[in-house]
There are 2 protein chains.
Amino acid sequence: MIVDLTDRDTDAGRRIRTAAVLLFARRGYAATSIRDLGKAVNMTNAGIYHHVTSKEALLADLMRAAQRELIEATERMLAPYERPGDRLALLISSLTAVHALTPMTSRVMDGELRSLTPGSAAHAEIIALRDAYEDHWKHALADGVEQGVFRVADEKLTRLALMSMCTGTSEWYRPDGDSTLEQVCAEFVAIGLAAVRAPAEAFATADFTLLPEFPWEPPHASNDPRPDEARR
Amino acid sequence: MIVDLTDRDTDAGRRIRTAAVLLFARRGYAATSIRDLGKAVNMTNAGIYHHVTSKEALLADLMRAAQRELIEATERMLAPYERPGDRLALLISSLTAVHALTPMTSRVMDGELRSLTPGSAAHAEIIALRDAYEDHWKHALADGVEQGVFRVADEKLTRLALMSMCTGTSEWYRPDGDSTLEQVCAEFVAIGLAAVRAPAEAFATADFTLLPEFPWEPPHASNDPRPDEARR
DNA sequence: GTCTATACCCGGATAGAC
DNA sequence: GTCTATCCGGGTATAGAC
């Protein structure tokens, strides 16, 4: 569809993407130069352009792949389930887990949409993908309300509140923190189902092996995320 | 303490700060140039420097003032209350209301800490202010747990989850949306108290007249926030 | 208090050697 | 596939006229 692609499946390509995700997540896209990227992978800025058509195309590629994988993983998880309570529980725990386990990719995905030129094909494409993902949430909530198992004041408000809670993990979750990922997800599912006044039953639990894979996500390291509060 | 101040209380100063908050919130600090700022207030870039010592000092000033006002407003609200349930309810609804009513300032406050040079006095100062604010949350949760009125798996996890929910409103809340601010706050308080397993009693309600005032916050306009999804 | 002009640097991106 | 060298625009910030 769009030929503006970046070098995949080569070793240099992967190293560049990994460095780009790290730098874009930490400093932001606008504050990261191609020269910074070059330094991070021991190349000159000109070398980068052998693997990348432009800085913006690189960002778009990362975001496109991340959004697509999130959608596919979500659909893999939801497939066997029909009940809105199960589907909402899976949406909450999978979104939480993705943000906790791949915080750098998630931060780029959630925070750099504004860096794509408005009106460009890439910008429109990423928005469409994000909307396609969010449709799963809209439908789960609408189905639950329609079937009378959810009681909600405003579906949009509820959806956005729960999504904020889930995506927030990319800012603070640490694998060596006080809670395991399973505990975080269980807690968030409990909060979410309480928010829609769903009766406390047993609902589906996320299978983390179905999560998307981002081969370029840098390892969950030292001071990231929130390097500014490492001392806590 | 720090003399690196920006022109306050003059008309030009206010117009510059208003434009800066708008641009920093929309495009990000790094992607906003002093020339952009000049265009927005009908000045050349050189004119800006008559009111601002540097771009970074301007950002620091905005963040410092916003954090200070948030802290002061929070303390005004909390003052009459002792019970952890009341205090948590007020923390939730005031943080939500501030992010909903002054989304641009809030987005800068929450998202641009990384744009202050690490190690600079301003960077350290803003972190200290943010920590001072978050201490109110820590104490409310710790007190509730200690007094046996809250039951919580991990206090840090709970605090960060609830704060994410509250701050998220700066990304999606619209005054002309389906819910009033009072409804949003009430819903979030209910979710928050459920998250700490607090018994359902009557808790204090936020008095919005005690909220901080940001004289530079641009009016809640047309497509902001989330200009990319105006069509929804 | 705002302008024009300018210093100086760094940004994205390309050409062409090796 | 990576380099050096280069183009050119735009960045922050300052000097000095009005």
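Below, read A as the first sequence line, B as the second, and so on, with proteins coming before strands; counting in each chain starts at 1. Being a predicted model, the structure only gives us computed values, none of them experimental.
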- Query: What does nucleotides 12-18 of chain C look like as a protein-contact string, B for base, S for sugar-phosphate only, - for none, at under 4.0 angstrom between heavy atoms?
  - Reply: BBBB---
- Task: Mind checking side-chain hydrogen bond (donor to acceptor under 3.5 Å, both in side chains) for R15(A) and listing every partner two or more places apart, or none if nothing turns up?
- Result: none
- Message: H136(B) and side-chain contact (heavy atoms from CB on, under 4.5 Å): which single residue from L90(B), L91(B), L95(B), L88(B) fits?
- Response: L91(B)
- Minimum-distance pair of heavy atoms, taken over all atoms of P103(B) and A100(B): CD-O, 3.6 Å
- Query: So, T167(B) side chain and S164(B) main chain: donor-acceptor pair closer than 3.5 Å or not?
  - Reply: yes
- Task: Spell out, as yes or no, whether a donor-acceptor pair under 3.5 Å connects the side chain of S120(A) to the backbone of T117(A).
- Result: yes
- Task: Taking all non-hydrogen atoms of both residues into account, name the closest pair between M77(A) and D207(A) and its distance.
- Result: CE-O, 3.1 Å
- Task: Mind calculating the distance between CG (L37(A)) and P (dG11(C)) to the nearest angstrom?
- Result: 12 Å
- Item | Distance below 4.0 Å between T44(B) side-chain N/O and dC3(C) OP1 or OP2 | yes
- Message: Tell me the interatomic distance from I48(A), atom CD1, to dT4(D), atom P, rounded to whole angstroms.
- Response: 14 Å
- Query: Looking at dC3(D), dG1(D), dG1(C), which one has an atom nearest to any side-chain atom of M43(A)?
  - Reply: dC3(D)
- Nearest-Å distance, CZ (R14(A)) to P (dG1(D))? 13 Å
- Item | H51(B) vs dT2(C): side-chain N/O to OP1/OP2 distance below 4.0 Å | yes
